[in-house]
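What follows is one structure encoded as structure tokens, with my remarks underneath.
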Amino acid sequence: MKSSSRSLKLGVNIDHAATLRQARYPGIHQSLLAEPRIMEIANACKKGGADSLTVHLREDRRHIQESDVRLLAKERPLPLNLEMSVDSAVAAVALDVIPDDVCLVPERRAEITTEGGLDAASLDNSLRPLVARLRALGIRVSLFIDPDPAQITAAADLGADAVELHTGAFSNVCLPDGSQNDCAAQQLLRLINGAHHAHSLGMQVNAGHGINYFNIIRVLEIPYLSDLNIGHSIISRALLCGIETAVSEMKIAMSRYCGGSERVSQHN
Ligand code: PXP
């Protein structure tokens with residue numbers, strides 16, 4: 001079976017622009033001196049062809065600050081996808097600024113970046129009311145989960161509009177030199193099957209974590225994708241060529257997506 005061609009959207013995660021600013025200007029991030037300026041970064045992403053902006057308001061506020069979220073929500077240069085844990089203070093910000101999307105993620109203070117997906121299957125009590133409150137405000141809710149059938153079923157049962165399939169386990173073994181391909185193929189298969197499962201339950205399928213200019217070609221084998229959320233690789237490339245170019249190069253790579261049609265039948 002072949003799926004029809006669909007255009008894949010790019011959400012650029014700009015947390016690391018704030019990481020750079022906070023390294024130099026902690027406590028005075030709103031000062032005129034504080035570079036890089038989030039709105040300039042956001043506008044450059046838009047010029048490069050980004051479809052949305054993703055920011056993660058972490059409980060420890062290590063990069064994106066609440067004032068950044070409020071500014072991006074007010075100016076809304078692009079649709080805003082707010083990543084957040086179920087922490088009540090962060091949830092209060094989301095309920096107040098009403099981003100277009102919220103992606104619920106697990107959060108551990110000591111981690112460098114989000115490691116592992118949300119355990120939707122066992123967090124029912126804390127997730128269900130929050131998902132309902134966000135959705136009642138018209139916010140699309142996505143759960144960042146591993147491509148595990150039980151987690152995907154749990155996300156649908158919780159009423160999530162979308163899943164963001166965690167591509168970290170795949171990206172960690174998909175090296176630019178092509179080595180460890182068996183591991184990468186195995187992880188890719190989990191993502192492909194996860195996408196089929198989420199789609200069959202009526203949810204939008206997004207993906208993110210560790211996607212870069214090398215592995216994107218394989219990520220495009222995942223069917224039913226709607227949005228990819230990509231941060232580290234784009235911001236790293238932007239150091240060499242500027243953010244507008246870095247974003248547009250990723251969009252060009254993504255334009256080859258044809259719904260994962262070459263692998264669209266389910267694999268065992
Ligand atoms: N999606 C989610 C839910 C994330 O937590 C992250 C990392 O903040 C990303 C996407 C982007 O990952 P990366 O920076 O590796 O592209």
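Scope of the values below: all heavy atoms of this structure, side chains included, with no hydrogens, waters or symmetry mates. When a ligand or atom number is given, it counts from 1 through the structure's own listing order.
The side-chain contact (heavy atoms from CB on, under 4.5 Å) test with I14 singles out one residue from T19, I41, I234, T54, and that residue is I41.
Nearest-residue assignment for atom 1 (N) of ligand 1 (options H209, H56, E164; heavy-atom criterion): E164. Of all the listed residues (M84, H232, E83), E83 holds the heavy atom that lies closest to atom 2 (C) of ligand 1.
Contact check for V205 versus L225: side-chain heavy atoms found under the 4.5 Å cut-off.
No N or O atom of I211 sits closer than 3.5 Å to an N or O atom of ligand 1.
There is no side-chain donor-acceptor pair under 3.5 Å between E164 and S142. Side-chain atoms of H29 and S67 include a donor-acceptor pair closer than 3.5 Å.
Taking every heavy atom of N229 and a limit of under 4.0 angstrom, the matching atoms of ligand 1 come to 10 (C), 11 (C). Every atom of ligand 1 with a heavy atom of I230 under 4.0 Å away is listed here by number and element: 16 (O). Below 4.0 Å from some heavy atom of V105 lie the following atoms of ligand 1, by number and element: 3 (C). Atom numbering of ligand 1 starts at 1 in the shown order; those under 4.0 Å from a heavy atom of G210 are 12 (O), 13 (P), 15 (O), 16 (O).
The aromatic rings of H16 and H63 stand perpendicular to each other, their planes meeting at an angle above 60°, with 30° marking the opposite boundary.
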Checking R70 against D96 for the salt bridge (Lys or Arg N to Asp or Glu O under 4.0 Å) test, could you report, in this order, the C-alpha distance in whole Å, the side-chain angles of both residues, the deciding distance, and whether it holds?
CA-CA 9 Å; R70 291 189 179 279; D96 189 35; 2.7 Å; yes
